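Have a look at this one.
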Amino acid sequence: MQLDWLVQPLLTQLNTGVLVLDAAHNIVYFNQFIARRADIQLSDVSGRLVYDIFADAPKAWLQRKIDGVLALQSPAFSSWEQRQYIIKLPHLRPVSSGSQHMAQNCSMLPFKAPNSAEQFVCLLIEDATDAYVYQQQLQHSMAQLELANRTDGLTGVFNRRHWQHELGQEIQRAKRYQHPLSLLLFDLDKFKQLNDQYGHQGGDAVLIELSGIIAALLRDTDVLGRYGGEEFGVILPETDMAGALLVANRICAAAGHQMLFNGHYINATVSIGVSSFSGQTIDELIQQSDIALYNAKRQGRNQAVAWQQQPETYLKKVK
């Protein structure tokens, strides 16, 4: 039974791109799938080099692929995960995408003319835009989930668990390379009174604004985290005690500006404890900053105090 009559209608209606090239990479044929999307007619480009018609094609890569298929007489395949597209075509899917171009799976098949030794390669181009977009959405969701696991829900700075992990990493680097490292712990002075006067929403507003103010003062390499409640920590890599005290005093000065909440100006100050790494464990370094912080409170608040060796008796904490 002869089925030649079936070939042209099938290629016309096929929802897969068919692009046939000769051994010199000239265009021999493409179907309506490609013609409609590329807005070109076969009669206008037949016999022309494929790279001249599809100038955005990865020429060097595609040349190697096609020559390999012809030399080995063996098919090759490229997925959208390896390369989003071979030839740039618009996708027609009603989906949200960061790209207007079709993601493609491409099979490259060798064949010969029946009555001659002339060789050809057929590129079958499948629209994989849906899979591409779904993976983008999944990656975005995973990134959001990872961010949520690392950040504090109220202030947007790192949460305690991730901040302490970063502190451990920085301590390891400081040990390995013998570089300076300092730590700040600070909290808002008389935060309970602030909450009693303005409510928890007022307290939250101050924490949010304060976090933004302090983050703007820090370097990209510094690590700001919410340690708990109204207490925060800042990891200062490549910073000795003198440098850390300069940063701490800048934070004290910046935190003292009036914050507007529901028509009321709130005056907030912070007390800061400063310690520097000299071989301590994470817990020891945090404890030293904590002691210095409460020394700052005992000495009148709204100031930065460096840790100094203390007697084992530890005075009652002051809020």
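All figures in this text were calculated on a predicted structure; none of them were measured in a lab. FYI, the numbering just counts along the sequence from 1.
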Would Cys252 and Thr269 satisfy side chain to side chain contact (heavy atoms under 4.5 Å, CB included), going step by step from the backbone distance to the final call?
CA-CA 7 Å; Cys252 278; Thr269 62; over 6 Å; no
Nearest atoms (heavy-atom pairs only) where Ser275 meets Trp307
CB-CB, 4.2 Å
Counting only heavy atoms not in Asp44, do more than 12 fall under 6.0 Å of its CG?
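Yes, CG of Asp44 has more than 12 neighbouring heavy atoms, counting only those of other groups under 6.0 Å.
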Counting distance only, does the side-chain N/O of Gln82 pair as donor-acceptor with the main-chain N or O of Ser79 below 3.5 Å?
yes
Check His162, Arg226, Arg160 against Asp152 for a side-chain hydrogen bond (donor to acceptor under 3.5 Å, both in side chains) and give me the one that passes.
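With Asp152 as partner, His162, Arg226, Arg160 yield a single side-chain hydrogen bond (donor to acceptor under 3.5 Å, both in side chains), made by Arg226.
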Could you tell me whether the side chain of Asn105 and the main chain of Glu126 form a donor-acceptor pair under 3.5 Å?
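Such a contact is absent between Asn105 side chain and Glu126 backbone.
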Using atom types as modelled and distance alone, determine if a side-chain donor or acceptor of Asp240 lies under 3.5 Å from a backbone N or O of Pro180.
no
Looking at side-chain heavy atoms only, is the closest gap between Gln73 and Lys112 below 4.5 Å?
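Counting from C-beta outward, Gln73 and Lys112 do come under 4.5 Å.
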Nearest heavy-atom neighbours spanning Ala244 and Thr239:
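In terms of heavy atoms, the two residues are closest at N-CG2, 3.4 Å.
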What distance do Gln258 atom CD and Ile266 atom CD1 have between them, rounded to the nearest 0.5 Å?
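Result: 10.0 Å between the selected atoms.
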All pairs passing ring pair (Phe, Tyr, Trp, His ring centres under 6.0 Å) where residues 8-40 contributes a residue, at least two apart
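Qualifying pairs: His25-Tyr51.
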Main-chain N/O of Ile86 paired to Gln104 side chain as donor or acceptor, under 3.5 Å
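Yes: the side chain of Gln104 pairs with the backbone of Ile86.
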Taking the side chain as C-beta and beyond, is there a heavy-atom pair between Leu293 and Ile272 under 4.5 Å?
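A side-chain contact under 4.5 Å is absent here.
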As a quick check of understanding, evaluate side chain to side chain contact (heavy atoms under 4.5 Å, CB included) for Thr151 and Asn159, giving each step before the final call.
CA-CA 5 Å; Thr151 56; Asn159 59 29; 5.8 Å; no
Ring geometry between Phe261 and Tyr198 (parallel below 30°, tilted from 30 to 60°, perpendicular above 60°)
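Plane angle over 60°, so perpendicular.
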Kindly check if the number of other-residue, nucleotide or ligand heavy atoms within 6.0 Å of NE2 (His140) is above 12?
no
Please tell me whether Trp163 and Leu154 are part of a single hydrophobic cluster in this structure, the criterion being side-chain heavy atoms less than 4.5 Å apart.
no
With a 3.5 Å distance limit and no angle check, can you tell me whether Arg219 reaches the backbone of Leu236 through a side-chain donor-acceptor pair?
no
With Leu19 as reference, evaluate Val121, Val28, Val50, Leu124 under the side-chain contact (heavy atoms from CB on, under 4.5 Å) test and give the passing residue.
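Exactly one candidate clears the test, Val50.
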Within the structure provided, determine whether Asp187 and Tyr294 are in side-chain contact (heavy-atom separation under 4.5 Å).
yes
Separation between CG of Leu184 and CG of Leu218, rounded to the nearest 0.5 Å
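Rounded to the nearest 0.5 Å, the CG-CG separation comes out at 8.0 Å.
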Approximate separation, where rounding is to 0.5 Å, of Asn267 CG and Leu194 CG
9.5 Å
Run the side chain to side chain contact (heavy atoms under 4.5 Å, CB included) check on Gln197 and His264 step by step: do they pass?
CA-CA 11 Å; Gln197 185 174 355; His264 298 284; over 6 Å; no
Contacts under 3.5 angstrom, residues 199-216 side chains, donor-acceptor by atom type, not counting sequence neighbours:
{"unit_1": "Glu209", "atom_1": "OE2", "unit_2": "His257", "atom_2": "NE2", "d": "3.2"}
{"unit_1": "Ser211", "atom_1": "OG", "unit_2": "Leu207", "atom_2": "O", "d": "2.8"}

Heavy-atom side-chain proximity of His165 to Arg150 below 4.5 angstrom:
no
Should Ile291 and Val305 be regarded as members of a common hydrophobic cluster, given that ILVMFWY residues are connected when their side-chain heavy atoms come within less than 4.5 Å of each other, either directly or indirectly?
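Result: no, two separate clusters.
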Lys65 versus Phe77, closest heavy-atom pair with distance
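Scanning both residues, the minimum pair turns out to be NZ-O, 3.9 Å.
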Taking every non-hydrogen atom, the tightest pair across Met102 and Tyr85
O-CB, 3.3 Å
In terms of hydrophobic clustering (I, L, V, M, F, W, Y; side-chain heavy atoms under 4.5 Å; direct or indirect links), are Leu285 and Leu224 co-clustered?
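Different clusters: Leu285 never reaches Leu224 through Ile, Leu, Val, Met, Phe, Trp or Tyr contacts under 4.5 Å.
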Evaluate the side-chain proximity of Asp222 to Val247: yes if any heavy-atom separation is below 4.5 Å, no if none is.
no
Donor-acceptor side-chain pairing of Asp283 and Thr281 below 3.5 angstrom:
no
Nearest heavy-atom contact between Met108 and Leu123 is CG-CG, 4.1 Å
Any idea how Phe232 and Phe186 line up, ring-wise: parallel (<30°), tilted (30 to 60°), or perpendicular (>60°)?
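The rings of Phe232 and Phe186 lie parallel, inter-plane angle below 30°.
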Side chains of Ile235 and Glu166 in contact at under 4.5 Å (non-hydrogen atoms)
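The answer is yes; the side chains approach within 4.5 Å.
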So, taking the atom named CG in Leu183 and the one named CD in Glu170, what distance separates them when rounded to the nearest 0.5 Å?
11.0 Å
Same cluster (ILVMFWY, side-chain, under 4.5 Å), Leu217 and Leu246
no
Distance in Å, Arg48 CZ paired with Ile53 CD1, rounded so as to fall on 0.5 Å steps
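Here the rounded value is 3.5 Å.
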For the atom pair CD (Glu81) and CD (Gln135), what is the distance rounded to the nearest 0.5 Å?
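That separation rounds to 5.5 Å.
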Hey, are the side chains of Trp80 and Thr129 touching, using non-hydrogen atoms and a 4.5 Å cut-off?
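A side-chain contact is absent here, since even the closest heavy-atom pair is not under 4.5 Å.
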Which atom of Ser276 lies closest to which atom of Gln280, heavy atoms considered:
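The answer is O-NE2, 3.0 Å.
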Is His101 close to Asp56 at the side-chain level, that is, under 4.5 Å between some pair of heavy atoms?
no
Please test Arg173 against Arg176 for side chain to side chain contact (heavy atoms under 4.5 Å, CB included), starting from the C-alpha separation and ending with a verdict.
CA-CA 5 Å; Arg173 275 190 280 272; Arg176 184 179 305 119; 4.0 Å; yes
Shared hydrophobic cluster, Ile251 / Leu185 (ILVMFWY, side-chain heavy atoms < 4.5 Å):
no
